[in-house]
Amino acid sequence: MSMASVSDDGRALLLLCSSVASARGEEARPFGPKGWARLAGRLQEQRLAPAGLVGMTAADLEVVAKDAVEAELMARLLARSGQLAFELDRLAARGIGAVTIADEGYPTRLRSRLGAEAPPVLFVAGDDGLLEAGGVAIVGSRDVDSVAVEFAQAVAAAAARNGLPVVSGGARGVDQQAMQAAFEAGGRVIGILPEGIERRTREASTRVALTDGQAVIASPYHPGAGFTAGAAMGRNKLVYALSDVAVVIASAAESGGTWAGAVEALAGRWVPVFVRQADNMPDGNRRLIDLGGIPMETAQVPEVPAGWGVVAVAPPVRSRSKKQRAAEARAAYEQATLDLVDS
């Protein structure tokens, strides 16, 4: 991914919605998904593009800010253009790019399925076109028995044989076992990390997969950020939203990231959620089936149930001209902000 692909609007979003250009100890906190969604609605009302905010004073920004305090915050965030350029060059040298919700490469599924909860910024390494490929999300607890591991590996291998990427959260346990099985079967992997991606790009095995086009890794968090439980919870929705179907291998009941993510996906009806059913399955699996999860006894690629609403995905980025992609991105961005205003 080339940093040249980030539009002027995208650079404004990077200033407003990420800490990538922040100095150590800086207190100005960037806008999160919901904060950006509200601001995007006000921008649409004023017929202003994000790039038009760069260079405005705090007083000028009051026309779109909710109050003078937010206008001052926006002015401080937008004043970091020089540091942003430096950081983007540094990251690009390490194979890390960025895509924002105002840019043409932003995943259609995230915008369509998550709405105001879609992350305004993603940091990406590898084949960013894979983010539009869909696939099979395979999720589960970190500590599982060998039967659950073998089931996850078999589903991942089946997905690979059918040309479907495995979508994974990249955590120890089920996530990593599924990723490895997909690689070994010659498949592709979409890894959505609960931390910054910079450390992962330094791992030899990850670099090989990224270079060979077998994988893409992405995260809404600062490339240098460490793991936190809150970040893990936040990335769960991205794993589901980027897939076509999801398979829960093993889950505790009423606790843990696997449970929380599956319950959220079921409630949001983002994708069909299949749940491994077996005599020795955890209580969480039984509860998820009771909540609407689809029982799955055989380790294969699950089929989307008839009548399930599948999100229409645009043709691959490389099949359209640069001018067409820019026009489509602008139209999608404007429609998204209109939807936010109307909601």
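Remember, it's a predicted structure, so these values are computed and weren't measured experimentally. These numbers come from the heavy atoms of this one structure, side chains and all, not from hydrogens, waters or symmetry mates.
Here the side chain of T100 pairs a donor or acceptor atom with the backbone of A102 at under 3.5 angstrom. Under a 3.5 Å cut-off, the side chain of D60 and the backbone N or O of M56 do not form any donor-acceptor pair. In this structure a side-chain-to-backbone donor-acceptor pair under 3.5 Å is missing from T211 to V208. With hydrogens and angles ignored, the 3.5 Å screen pairs no side-chain donor or acceptor of R287 with any backbone N or O of A253. Distance alone, capped at 3.5 Å, is enough to place a donor-acceptor pair between the Q214 side chain and the G187 backbone. The backbone N or O of S22 lies less than 3.5 Å from no partner atom in the side chain of S19, so there is not a single donor-acceptor pair.
Scanning all heavy atoms of the two residues, the minimum distance from D9 to A49 falls at OD1-CB, 3.6 Å. Considering all non-hydrogen atoms of both residues, M296 and F151 come closest at O-CZ, 3.9 Å. Shown here for I190 and L130, the closest heavy-atom pair between the two residues is CD1-O, 3.1 Å. Here the closest non-hydrogen pair linking S251 and N285 is N-OD1, 2.9 Å. Nearest approach of P107 to L131, heavy atoms of both residues: CG-CB, 3.9 Å. The shortest heavy-atom contact between L164 and G135 is CB-CA, 4.5 Å.
Around CD of E203, the count of heavy atoms belonging to other residues, nucleotides or ligands within 6.0 Å exceeds 12. Atom CZ of F227 sits in a crowded spot, with more than 12 heavy atoms from other residues, nucleotides or ligands closer than 6.0 Å. Environment of CG in D8: sparse, with no more than 12 heavy atoms of neighbouring residues, nucleotides or ligands closer than 6.0 Å.
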Could you give the side-chain donor-acceptor pairs of residues 276-284 under 3.5 Å, partners two or more places apart or in another chain?
residue	atom	partner	partner atom	Å
R276	NE	I249	O	2.9
R276	NH2	I249	O	3.4
Q277	NE2	E297	OE2	2.9
D283	OD1	R286	NH1	3.3

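A salt bridge between R109 and D244 is present, with a side-chain N of the basic residue lying under 4.0 Å from a carboxylate O of the acidic one. Ion pairing between a basic and an acidic side chain is recognised when a charged N comes within 4.0 Å of a carboxylate O; R38 and E70 show no such pairing. Ion pairing between R90 and E87 holds under the 4.0 Å rule for side-chain N and carboxylate O.
For residues 138-165, the pairs satisfying salt bridge (charged side-chain N to carboxylate O under 4.0 Å, His left out) are D143-R172, with sequence neighbours left out.
Side-chain atoms of E184 and Q180 form a donor-acceptor pair, as typed in the model, at a separation below 3.5 Å. Using modelled atom types and a 3.5 Å distance limit, the side chains of E132 and T108 yield a donor-acceptor pair. Between the side chains of S219 and R235, no donor N or O sits under 3.5 Å from an acceptor N or O.
Remark: S7 OG to E104 CD distance equals 8.5 Å, nearest 0.5 Å.
For the pair L39/L16, a side-chain contact is recorded, criterion being any heavy-atom separation below 4.5 Å from C-beta on.
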